[in-house]
Amino acid sequence: MKTLTFFGPKYGTQVSLLSPNVVSKLSRFPLTSFARKPTKPVCVKTTDCDLVESQRTFNKFPRSDWGDHFLRLPFNVSDMDMLTIEMNALKSTIRKMLMYSQDVEETKERILIIYLLVALGMAYHFEDEIDDNLKHGFENIETTMAGENDLSTVSVMFWVSGHMDITCLPVRNMFRRFKGEDGKFEECHTKDVKGLLSLYEAAQLGTSTEDILDEAMSFSSSHLECLAGGTCPPHISRLIQNELYMPQHHNAEILFASEYISFYKQEDVHNKVLLEFAKLNFKFLQLHWIHELKILTKWWNDQDLLSKLPPYFRDRMVECHLYAVIYYFEPQYSFGRIMLAKLLVLLTVVDDTCDRYGSVPEVAKLLDCVERWDPELGESLPDYLKTVFKFTLDVFEDCERAGKSEEGLSFNVDGALAERTHLNFAEWAAAEKVPTVEEYLEVGGVAVTMYATIALGLLGLGPKAREHGYEWLKSRPKLVHDLATKGRLMNDMGGFKDDIGRGFLANVVNYYMKEYGTTEEETYKEFHKIVRDLEKSVNSEFLKINKGVPREILSRALNCGKMIDVTYRSGDGYTRPRGKFTEYVESLFVEHMDAPVMQYASSSTL
């Protein structure tokens, strides 16, 4: 019996990604398995309870706009080799910038360089040097920061300390110096764009124990909004608008870097070596991603599901690869990204099959076949489910086969199955029972959704890190629980109008309004407060566990949280990717392609 396993709501309980437990507890979040059943299953009474194809109703999804775009792009391995040579020529210069000394001003300068390495998406090249600087640079931080009154410098120092697994600096001592006698931030800082941006980012690391960062966020955001519409240069105005829309702390590191490179090169004062290395590095990464998309596009075309199945499912192969890049963008995870993207494509197809097309009896048949993992049982399924079942078998076997051939990356897809549970979600969606908000959040995916996503990504890490990650997930960490709750709230807010429009009642906005007698506007306002409190809780948990959980694992969990923001800041970007979500795809996979490396690229493809 072969299934891809992750850890479910009970401590130590192993749950198949394709078990009924997932059907009952996962919702529309795109990186998980089965979603919610339709409000009123359109079941035509036949002897075998299957729907008559001609009478089945569903919302049609158009094919992806990307098609064979990436398959047609030229690619040559020699381009990557040339970029590697050029980057290696600059690395020694950057390493000299990071050489440790005890001089206070040089310590500040090195920490500011570390921030730029992160912001420009190239910190992974200098992990040892960064760790050494952080270890020594923050040993006597209060002495280092004594007399420092530049708002940007202090804010960046604080941000780096929190972002890079260092216990956050004493907040009150750090920022009290910028307040006046009235206890408020001084007005002299209102025109300091660089300082306000840095303060705004520092405020994102706030916890529930420090009110001063709430004050900092209110102060910085209100004045940044004024500055964005004022006389700022266009590139600074755009950076402010992007930050207010989605702060760096909540944005995917590489998505932020793709924008920041453009901003940094327009700055009057910038480090030419860092900028050149950043551009080379991005080109190098982009070629990796393009190569992966070529492989994935060919694989997806070979599956031919677009002709084998009705158009009820989301064609999101490129978007699934974007999620994989957000999870780990560095070149050494190329193999893991390909496998993760395939699994996410599979889960999307299965998700939509159960949520948007199949009847309850049909889904039960599919689940039974998957749990038994017997291809012969698939012959009893309706024709469209035979296709889905075969696709499921093929993807899992592909992962297992590929993993065995990749040194150090064994994909173990053997696992135990959970016991069957009642389909709470289907009952709620059919309005047979109205749950409390608390019940809905718990059963609607809090305990499972984020665990599944993190576990899928851990498959791309080495065996030791993967097993450590699984043990951590088995402890049901509060950090993951809080991220999942945030995901559920943002998911349902983004999809509320669409859900209600199609008669789908299982939505936390709907349940909250019924339980507390609030309006839609009041509910959204309350949920935004809850989301902010959850973000503070995640920050607190991060500080508690960052020495006990390896960075390689913890950062992946946080990256899953960033997927939430990338997807749901403007509605449901995964279901309707045109707009911001498409801009993200273009910024990573399409733009910047006028760089020198593409000018000498050959027409050969891999």
Side-chain angles (χ1 to χ4, degrees), residues 80 82-101 103-134 136-138 150 152-164 166 193-195 197-198 201-202 233 235-236 238-240 242-243 248-249 251-289 329-332 587-588 591-597:
M80 302 178 75
M82 295 182 87
L83 287 169
T84 300
I85 293 171
E86 292 183 63
M87 285 191 292
N88 286 339
L90 296 175
K91 276 187 178 181
S92 60
T93 302
I94 297 176
R95 288 195 173 103
K96 288 179 182 178
M97 297 179 193
L98 295 169
M99 287 182 63
Y100 176 73
S101 76
D103 182 87
V104 170
E105 292 305 315
E106 289 184 6
T107 296
K108 293 179 190 177
E109 185 176 345
R110 286 195 306 277
I111 293 177
L112 294 178
I113 290 174
I114 289 173
Y115 169 76
L116 286 173
L117 293 176
V118 175
L120 294 169
M122 55 196 201
Y124 71 95
H125 287 281
F126 307 98
E127 289 182 351
D128 292 339
E129 292 83 1
I130 290 173
D131 288 343
D132 185 59
N133 271 280
L134 293 178
H136 298 292
F138 288 95
D150 180 70
S152 178
T153 299
V154 172
S155 299
V156 169
M157 296 282 283
F158 176 80
W159 186 89
V160 170
S161 77
H163 180 77
M164 304 299 291
I166 303 293
V193 178
K194 188 176 180 181
L197 279 167
S198 300
E201 274 302 332
H235 74 290
I236 294 178
R238 181 177 180 180
L239 180 67
I240 293 173
N242 288 344
E243 283 285 309
Q248 180 182 3
H249 183 62
N251 199 353
E253 184 173 332
I254 196 60
L255 281 173
F256 181 85
S258 68
E259 181 67 31
Y260 198 79
I261 292 171
S262 299
F263 162 79
Y264 190 60
K265 70 182 180 182
Q266 296 179 70
E267 284 284 85
D268 293 335
V269 179
H270 62 256
N271 186 305
K272 290 181 171 53
V273 174
L274 292 181
L275 178 60
E276 181 63 21
F277 191 94
K279 291 191 291 186
L280 292 170
N281 176 61
F282 193 89
K283 297 173 201 171
F284 181 73
L285 290 170
Q286 194 172 54
L287 287 177
H288 268 281
W289 303 330
F329 69 87
E330 301 89 341
Q332 65 266 34
S587 69
L588 294 190
E591 296 174 2
H592 300 278
M593 296 302 285
D594 57 345
V597 66

List the atom of Leu83, the atom of Leu287, and the distance in Å for their closest heavy-atom pair.
CD1-CD1, 3.7 Å
Sequence neighbours excluded, which residues qualify as side-chain hydrogen bond (donor to acceptor under 3.5 Å, both in side chains) partners of Lys91?
His125
Looking only at heavy atoms, the pair that brings Gln286 and Glu591 closest together is NE2-O, 2.7 Å
Using 0.5 Å steps for rounding, measure from the CZ atom of Phe329 to the CD atom of Glu253.
4.5 Å
What distance separates Asp128 CG from Leu98 CG, expressed to the nearest 0.5 Å?
11.5 Å
Using modelled atom types and a 3.5 Å cut-off, is there a donor and acceptor pairing between side-chain atoms of Glu201 and backbone atoms of His249?
yes
Name all residues meeting the ring-ring contact (aromatic ring centres under 6.0 Å, His included) criterion together with His288; count only those two or more places apart in sequence or in a different chain, and write none if there are none.
Phe284
What one should report as the nearest heavy-atom pair of Leu117 and Ile130 is CD1-CD1, 4.1 Å
Which residues share a side chain to side chain contact (heavy atoms under 4.5 Å, CB included) with Ser155, sequence neighbours left out:
Leu151, Phe175, Ser198, Leu199, Ala202
Only distances under 3.5 Å count here; give the side-chain donor-acceptor pairs of residues 270-280 to other protein atoms, sequence neighbours excluded, each with its distance to 0.1 Å.
from, atom 1, to, atom 2, distance (Å)
His270, ND1, Glu267, O, 2.8
Asn271, OD1, Val273, N, 3.0
Asn271, OD1, Leu274, N, 3.0

Using side chain to side chain contact (heavy atoms under 4.5 Å, CB included) as the criterion, list what pairs up with Asn251, not counting sequence neighbours.
Met246, Leu255, Phe256, Val566
Taking side chain to side chain donor-acceptor pair (under 3.5 Å) as the cut-off, I'd like each qualifying pair that reaches into residues 105-115, sequence neighbours left out, listed once.
Ser101-Glu106, Ser101-Arg110, Glu105-Lys108, Thr107-Arg110, Lys108-Glu148, Arg110-Asn133, Tyr115-Gln248
Quick note, salt bridge (Lys or Arg N to Asp or Glu O under 4.0 Å) partners involving residues 92-101, not counting sequence neighbours, are Arg95-Glu129
Checking Thr84 now: which residues fulfil side-chain hydrogen bond (donor to acceptor under 3.5 Å, both in side chains) with it, not counting sequence neighbours?
none
Not counting sequence neighbours, which residues clear side-chain hydrogen bond (donor to acceptor under 3.5 Å, both in side chains) with Tyr124? List them please.
Asn281
Identify, with sequence neighbours excluded, every residue that meets side-chain hydrogen bond (donor to acceptor under 3.5 Å, both in side chains) alongside Asp132.
His136
Roughly how far apart are Trp159 CH2 and Ile111 CD1, rounded to 0.5 Å?
12.5 Å
Tyr264 OH to Leu116 CG distance, which is reported to the nearest 0.5 Å:
4.5 Å
Check step by step if side chain to side chain contact (heavy atoms under 4.5 Å, CB included) holds for Ile240 and Ile236.
CA-CA 6 Å; Ile240 293 173; Ile236 294 178; 4.1 Å; yes
Could you give the distance from OG (Ser92) to CE (Met97), rounded to the nearest 0.5 Å?
9.5 Å
How far does CD of Glu86 sit from NZ of Lys283, to the nearest 0.5 angstrom?
7.0 Å
